Amino acid sequence: MTQYQSTLLRLLDERGYIHQLTDAAGLDKLASEGVVPGYIGFDATAPSLHVGSLVQIMMLRRLQQAGHKPIVLMGGGTTKVGDPSGKDESRKLLTEQAIRDNIASIRTVFERFLTFGDGPTDAVLVDNDEWLSKLGYIELLRTVGPHFTINRMMTFDSVKLRLDREQPLTFLEFNYMILQAYDFRELSMRQGCRLQMGGSDQWGNIVNGIELARRMNGTEVFGLTTPLLTTADGAKMGKTAAGAVWLNEDALPAYDFWQYWRNCDDRDVGRFLKLFTDLPLDEVARLASLEGAEINAAKIVLANEVTRLCRGDDAAKAAEATASATFAGGGLGEDLPVYAIPAEGLTIVDALVGIGFATSRGEARRLVAGGGARLDGVAINDESHRIDAQATEIRISAGKKRHGILRPA
RNA sequence: GGACAGGUGGCCGAGUGGUUAAAGGCAGCAGACUGUAAAUCUGCCCGCGCAAGCGUACGCUAGUUCGAAUCUAGCCCUGUCCA
């Protein structure tokens, strides 16, 4: 990599955030001269972002750490349109109220990663609905339309993907890139924003914004993308069997969040420590070089640090304590899911369903038949096995990793 | 509006009248081996039921048939080309 002068680019570079830059030298110069307001856009399609967005969130954090101003752009307006990037299917449209609620919920997570306020390097959160919803159609066509050619829009991956797969791309979605470009230009005027960051799939959209700002206002702005993050075995970040790994506490308990990181692939440890924690690089290097079973120590550090950032210190400590009691001690931890045994008792199958380890009785039965169900560490092979209400706390397990507590009602 | 091609389980994708709850692959779950890792091997993978079995399911609806994912009609949706 090149030698960057600015703290910002050095920081981003050495921690592995940089995939592409529109003008490395220009941005480097800008960032070493003063405060650069930079933004990343986020969807408001769900009440929580998930781990897949964590790189972008961390990048805003780095921006602030390097003395610049992070702008969180919530796509309240663009969510009404739907980004076709990476989707092979159109999204369902959300109501305005749902979008507003989502934004409020998502904001709580950003408040953990960024310092908000009115100061020059304090983070701000803006919603593009503010300006997008006020746009008149004819006005938009006249001001922005001339700067886009269909020829070029057709070459974008997000468009080509749909066309190649002979899947529908609606005009609504086709307009997404125009709106996103408009956002950049708008933020450059409102907030003096000079930089847009995003995942590598956003490159095209970002470049559009840069051009639009230049053509309409003569402003020079910059773009930076992160590499597409996958786990070592090629899966997208943040997806597990149980669903997405949500950042909001109410969407995913801290213990499960912690476990996600604790269970990461050996090969990912170093990369993740650099991207998702504030640990100094020499410490990261030390942890990542651990071999064999020792690397588990590094995974615990990773889990602790990420959980701490995202969920707070208490949540991280509780999750670690629970994990250590559950796995190392064979005991029980506070954070495990709990299910109350009714007075008349219940079967192992009902208990597995009740605590959420199986989604149907059939699945629970198969789990028992396959030898994956345990009570206090003892495999139960009889699916009609009954659990008494009189008993004290019982540890119930599905497989080696999912554990819970059965407690008399 | 017209011609043609399509719509199958989370995804991809076989299947053109019964033996099809639907091949195969991916993803997922469990077991073995390990280190709460990876790789590998084995089993499972619509719901209810201890079970025999029952109920749902191949875009929707109505038919033909003893019997349909498979045939017919209408409708809806998608793509390609034409207007």
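In this text the structure is predicted, and so the values were computed from the model without any measurement. Sequence lines set the chain letters: A, B, ... in the order given, protein chains first and strands last, and positions in each chain run from 1.
Across all strands shown, B/rU78 is found opposite B/rA5 as a Watson-Crick or G-U wobble partner, with both distances under 3.5 Å. Searching all strands for a Watson-Crick or G-U wobble partner of B/rG63 with both distances below 3.5 Å returns B/rC71. Across all strands shown, B/rA21 forms no Watson-Crick or G-U wobble pair with both distances under 3.5 Å. Pairing for B/rU34 is absent, with no Watson-Crick or G-U wobble pair whose two atom distances lie under 3.5 Å. Nucleotide B/rA14: unpaired (no Watson-Crick or G-U wobble partner with both distances less than 3.5 Å). Across all strands shown, B/rC44 forms a Watson-Crick or G-U wobble pair with B/rG28, both key distances being under 3.5 Å.
If you measure from atom CG of A/Leu302 to atom P of B/rU36, you get 17 Å, rounded to the nearest angstrom. Rounding to whole angstrom units, CG of residue A/Asn263 and C1' of B/rU36 are separated by 5 Å. One can place CD of A/Glu294 at 14 Å from P of B/rU36, the figure rounded to the nearest angstrom. Taking atom CG of residue A/Leu367 and atom P of nucleotide B/rG31, one finds them 8 Å apart after rounding to whole Å. Rounded to whole Å, atom P of B/rC50 lies 17 Å from atom CD1 of A/Ile380. Between A/Lys401 atom NZ and B/rU34 atom P there is a gap of 16 Å when expressed in whole angstrom units. Spacing between atom CG of A/Asp265 and atom C1' of B/rU36 amounts to 13 Å, rounded to whole angstrom units. Summarising the geometry, the separation between CZ on A/Arg271 and P on B/rA37 is reported as 19 Å, rounded to the nearest angstrom.
Comparing A/Lys400 and A/Glu291 against RNA chain B, the residue whose closest nucleotide sits nearer the 5' end is A/Lys400. Both A/Ile300 and A/Thr359 sit near RNA chain B, but only A/Ile300 has its closest nucleotide nearer the 5' end.
Contacts of A/Trp261 with the nucleic acid, taken as non-hydrogen atoms under 4.0 Å apart, are absent. Residue contacts shown for A/Ala323 include a base, since a base heavy atom lies under 4.0 Å away. Using a 4.0 Å heavy-atom criterion, one finds that A/Asp266 contacts the bases of the nucleic acid, with or without backbone contacts as well. Among the protein residues, A/Gly362 comes within range of the sugar-phosphate backbone only, with heavy atoms under 4.0 Å from sugar or phosphate atoms but none that close to a base.
If you take atom C1' in B/rC45 and the same atom in B/rA23, they sit 15 Å apart, rounded to whole Å. The separation of B/rU16 from B/rA37, taken at their C1' atoms, amounts to 47 Å, rounded to a whole angstrom. B/rC11 and B/rC46: their P atoms are spaced 14 Å apart (whole Å). Taking atom C1' on both B/rU8 and B/rU56, the two are 16 Å apart, rounded to the nearest angstrom. Rounded to a whole angstrom, the distance from the C1' atom of B/rG17 to that of B/rC58 is 15 Å. For the P atom pair drawn from B/rG18 and B/rU70, the interatomic distance equals 12 Å after rounding to whole Å. B/rA27 and B/rU19 are spaced 30 Å apart, taking the P atom of each and rounding to whole Å. For the C1' atoms, the distance from B/rU61 to B/rA68 is 15 Å, rounded to whole Å.
Closest to the side chain of A/Ala293, out of B/rG31, B/rG35, B/rU36, is B/rG35. Of the candidates B/rG47, B/rU36, B/rG35, B/rG47 carries the atom nearest the A/Ser360 side chain, counting heavy atoms from C-beta on. Taking the side chain of A/Arg361 as heavy atoms from C-beta on, and the options B/rC50, B/rU34, B/rA37, the nearest nucleotide is B/rC50.
Between A/Arg62 and A/Asp278, at least one side-chain N (NZ, or NE/NH1/NH2) sits under 4.0 Å from a carboxylate O, which counts as a salt bridge. Classification of A/Arg366 and A/Glu363 as a salt-bridged pair fails, no side-chain N sitting under 4.0 Å from a carboxylate O. A salt bridge is defined here as a Lys NZ or Arg NE, NH1 or NH2 lying under 4.0 Å from an Asp or Glu carboxylate O, and A/Glu139 with A/Arg142 fails to meet this definition. A/Asp282 has no carboxylate O lying under 4.0 Å from a charged side-chain N of A/Arg286, or vice versa, which leaves the two without a salt bridge. For A/Asp13 and A/Arg10, the salt-bridge test fails: no basic side-chain N is under 4.0 Å from an acidic carboxylate O.
Applying the salt bridge (Lys or Arg N to Asp or Glu O under 4.0 Å) rule to pairs touching residues 65-77 of chain A yields nothing, sequence neighbours excluded. Counting only residues at least two apart or on different chains, the ring pair (Phe, Tyr, Trp, His ring centres under 6.0 Å) pairs with a member in residues 389-409 of chain A are A/Phe327-A/His403. For residues 350-376 of chain A, the set of pairs meeting the ring pair (Phe, Tyr, Trp, His ring centres under 6.0 Å) definition, not counting sequence neighbours, is empty. Screening residues 397-409 of chain A for salt bridge (Lys or Arg N to Asp or Glu O under 4.0 Å), with sequence neighbours left out, gives A/Glu393-A/Arg407. Among residue pairs with one or both ends in residues 342-361 of chain A, those qualifying as salt bridge (Lys or Arg N to Asp or Glu O under 4.0 Å) are A/Asp350-A/Arg361; sequence neighbours excluded.
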Sub-3.5 Å pairs of nitrogen or oxygen atoms, protein against nucleotides 51-53 of chain B:
none

Atom pairs under 3.5 Å, N or O on each side, protein against nucleotides 39-45 of chain B: can you list them with distances?
none

Under 3.5 Å, which N/O atoms of the protein pair with N/O atoms of nucleotides 22-26 of chain B?
none

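For A/Asp335, the salt bridge (charged side-chain N to carboxylate O under 4.0 Å, His left out) test picks out no residue, with sequence neighbours left out. A/His68 pairs by the ring pair (Phe, Tyr, Trp, His ring centres under 6.0 Å) definition with nothing, not counting sequence neighbours.
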Would you mind writing out the side-chain donor-acceptor pairs for residues 100-107 of chain A within the sub-3.5 Å range, not counting sequence neighbours?
| residue | atom | partner | partner atom | Å |
| --- | --- | --- | --- | --- |
| A/Arg100 | NH2 | A/Gln97 | OE1 | 2.9 |
| A/Asp101 | OD1 | A/Gln97 | NE2 | 2.8 |
| A/Asn102 | ND2 | A/Ala44 | O | 2.8 |
| A/Asn102 | ND2 | A/Ala98 | O | 3.4 |
| A/Ser105 | OG | A/Pro47 | O | 2.5 |
| A/Ser105 | OG | A/Asn248 | ND2 | 3.3 |
| A/Arg107 | NE | A/Glu111 | OE2 | 2.7 |

Using atom types as modelled, flag every donor-acceptor pair under 3.5 Å from a side chain in residues 371-379 of chain A to any protein atom, sequence neighbours excluded.
| residue | atom | partner | partner atom | Å |
| --- | --- | --- | --- | --- |
| A/Arg374 | NH1 | A/Gly399 | O | 3.1 |
| A/Asp376 | OD1 | A/Arg395 | N | 2.9 |

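In terms of phosphate contacts, A/Arg402 brings no side-chain nitrogen or oxygen within less than 4.0 Å of OP1 or OP2 of B/rC29.
No side-chain heavy atom of A/Ile178 sits under 4.5 Å from any side-chain heavy atom of A/Tyr176.
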